[in-house]
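Chain A is the first sequence line, chain B the second, and so forth, proteins listed ahead of strands; every chain is numbered from 1. What's counted below: heavy atoms across the whole structure, side chains too, no hydrogens, waters or symmetry copies.
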Number of protein chains: 2
Amino acid sequence: MSDEQNIKLAVDAVVFGYMEGELYLLLIKRKYGYNKDSWALPGGFVENGETLEQAVKRELIEETGVKANYLEQLYTFGEVERDHRRRVVSVAYIGLVNPQLFELEADTDASEAQWFLIRELPSLAFDHDHIAQSGLKRLRAKLSYEPIGFELLNSKFPFSDLEQLYQGILGKHIDRRNFRKKLLSFGFIEETEEYATHSGSGRPGKLFEFNEQKYSELKANGIHFEIKLA
Amino acid sequence: MSDEQNIKLAVDAVVFGYMEGELYLLLIKRKYGYNKDSWALPGGFVENGETLEQAVKRELIEETGVKANYLEQLYTFGEVERDHRRRVVSVAYIGLVNPQLFELEADTDASEAQWFLIRELPSLAFDHDHIAQSGLKRLRAKLSYEPIGFELLNSKFPFSDLEQLYQGILGKHIDRRNFRKKLLSFGFIEETEEYATHSGSGRPGKLFEFNEQKYSELKANGIHFEIKLA
DNA sequence: GCAAAAGTGTTTCCTTTACACCCATGC
DNA sequence: GCATGGGTGTAAAGGAAACACTTTTGC
């Protein structure tokens, strides 16, 4: 029985980054084989001795040099013809990364790795357009009912960064006062004594930091968070 | 290269049924191989020419005779040691079924198929306990922010059935008046002119039906549904 | 001193909750 | 006629939304 008879299992990563008010997606250019030279999501086959999550992390590092500190399983794509060469089922993950923390380095299968503005994506190999869109949809949904997104920022950030992040990703205007009131009311965002170094004009804002532990505690008790999309 | 070198891909189904105020889980007794005679979730290997969803549907029918009218992907379980014999990664689905519509028939790999009260589950083969619990958690979460659950009832049902279903699954008391008001306010539950045939004592209630189309339209526009768990 | 962003409270509105009595039916 | 579940409205409380002026800084 040839290899052609078996279903191969792969993982793909939809990794988002955020810089200066804009959301980016991490893509690689494939070095070998079918779909060579087209842009695609980082990913690859799962090896026998590793879990799915280990596989994504490994592929991400190999292909881009990025180590995602937030990873969550998105969906498993199992259409029969998603890869024309052979049957491949792929488990997709969402990752969040602060791009400033990594220098992109294409290593193995990828000849290039690059951040693309989310609203200027090239067309992607296989069904990766579809996977990326699902990822984006999930990110938006999740952001609006769970305060993730701190992974996209520096560990200390002015409040306006958070605002902009939310507005950027959700594509909506958010009332500054209500947003700040709400997020601070949970208690997992803490004020530090530092101030932003003036990154332009205007009054420098205080820096805040995310208290992951407090967040986990609250979450365990059923946090109730929601940013309306109106 | 022996078969042992390849990862096998399976699907498993966490199928819920609802009868007389109680939530049930559909289990099979395995006929062959390792874990023979222990209870397990219906499921099996994905074949090369079928999608994941087709595989679940096929296995469900083969092993239990049940045709789920609601199926949603739950999660993909990829721990290395979840099956001690060889590497198996499993894509789990949640299904909802009105048990009264089917006679259980174990067919191929299963020697028996049976509905188990959710609070009296036997211990299951492999990591199926874990999968089942994830499924239950998801069902509860989903039920509380999206009005699924009509698949568990007859197509025409008295309002009290819905109430009981919600209370049964969420394990909480719900105010009858507020619940009815809220659900009817969406407009996808329609009053019929029929009345329940007295299934006991008391005044027979009007029968309602779920208008799936209206529901889909609303959902597309971003429905806002939530049943508080307090 | 002016342009740019940060910081801050109050009022209005709407949604959610709590709550109790009458009605139809079977026995 | 009584036991059982069905049907219904209103008031109070709480959370979300709308909204504008003052402060600090760089230039």
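- Rounded to whole Å, the distance from CG on A/L162 to C1' on C/dA6 is 15 Å.
- Residue B/Y93 holds its OH atom at 4.5 Å from CG of B/L52, rounded to the nearest 0.5 Å.
- Between B/F157 atom CZ and D/dG5 atom P the separation is 20 Å, expressed in whole Å.
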Using distance only, find each side-chain donor-acceptor pair of residues 17-24 of chain B under 3.5 Å and give its atom names and separation, not counting sequence neighbours.
unit_1: B/Y18; atom_1: OH; unit_2: B/Q164; atom_2: O; d: 3.3
unit_1: B/Y18; atom_1: OH; unit_2: B/L165; atom_2: N; d: 3.1
unit_1: B/E22; atom_1: OE1; unit_2: B/R119; atom_2: NE; d: 3.4
unit_1: B/E22; atom_1: OE1; unit_2: B/R119; atom_2: NH2; d: 3.3
unit_1: B/E22; atom_1: OE2; unit_2: B/R119; atom_2: NH2; d: 2.7

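- Proximity of a side-chain donor or acceptor of A/Q167 to a complementary backbone N or O of A/I174 within less than 3.5 Å is detected.
- Rounded to an integer number of Å, the gap from CZ of A/F179 to P of C/dA6 is 13 Å.
- From B/W39, atom CH2 reaches atom CG of B/L26 across 9.5 Å, with rounding to the nearest 0.5 Å.
- In this structure, CZ in A/R82 is found 5.5 Å from NE2 in A/H128, a value given to the nearest 0.5 Å.
- Between the C1' atom of C/dG7 and the CG atom of A/L184 lies a distance of 11 Å, rounded to the nearest Å.
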*Mark up nucleotides 19-27 of chain C, 5' to 3', with B wherever a protein heavy atom is under 4.0 angstrom from a base atom, S wherever such an atom reaches only the sugar-phosphate, and - elsewhere.*
BB--BBSS-
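- Look at OH on A/Y195: it is 12 Å from C1' on D/dT23, rounded to the nearest Å.
- Computed from coordinates, the A/K182 NZ to C/dG9 C1' distance equals 18 Å when rounded to whole Å.
- Dashed line: the shortest gap from a side-chain N or O of B/K206 to OP1 or OP2 of D/dG6 is not under 4.0 Å.
- Following rounding to the nearest Å, A/E191 (CD) and C/dG7 (C1') show an atom-to-atom distance of 11 Å.
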Side-chain donor-acceptor pairs under 3.5 Å in residues 204-214 of chain B, sequence neighbours left out?
unit_1: B/K206; atom_1: NZ; unit_2: B/E191; atom_2: OE2; d: 2.6
unit_1: B/N211; atom_1: OD1; unit_2: B/Q213; atom_2: N; d: 3.1
unit_1: B/N211; atom_1: OD1; unit_2: B/K214; atom_2: N; d: 3.0
unit_1: B/N211; atom_1: ND2; unit_2: B/E190; atom_2: OE2; d: 2.9
unit_1: B/Q213; atom_1: NE2; unit_2: B/E217; atom_2: OE2; d: 3.4
unit_1: B/K214; atom_1: NZ; unit_2: B/E190; atom_2: OE2; d: 3.4

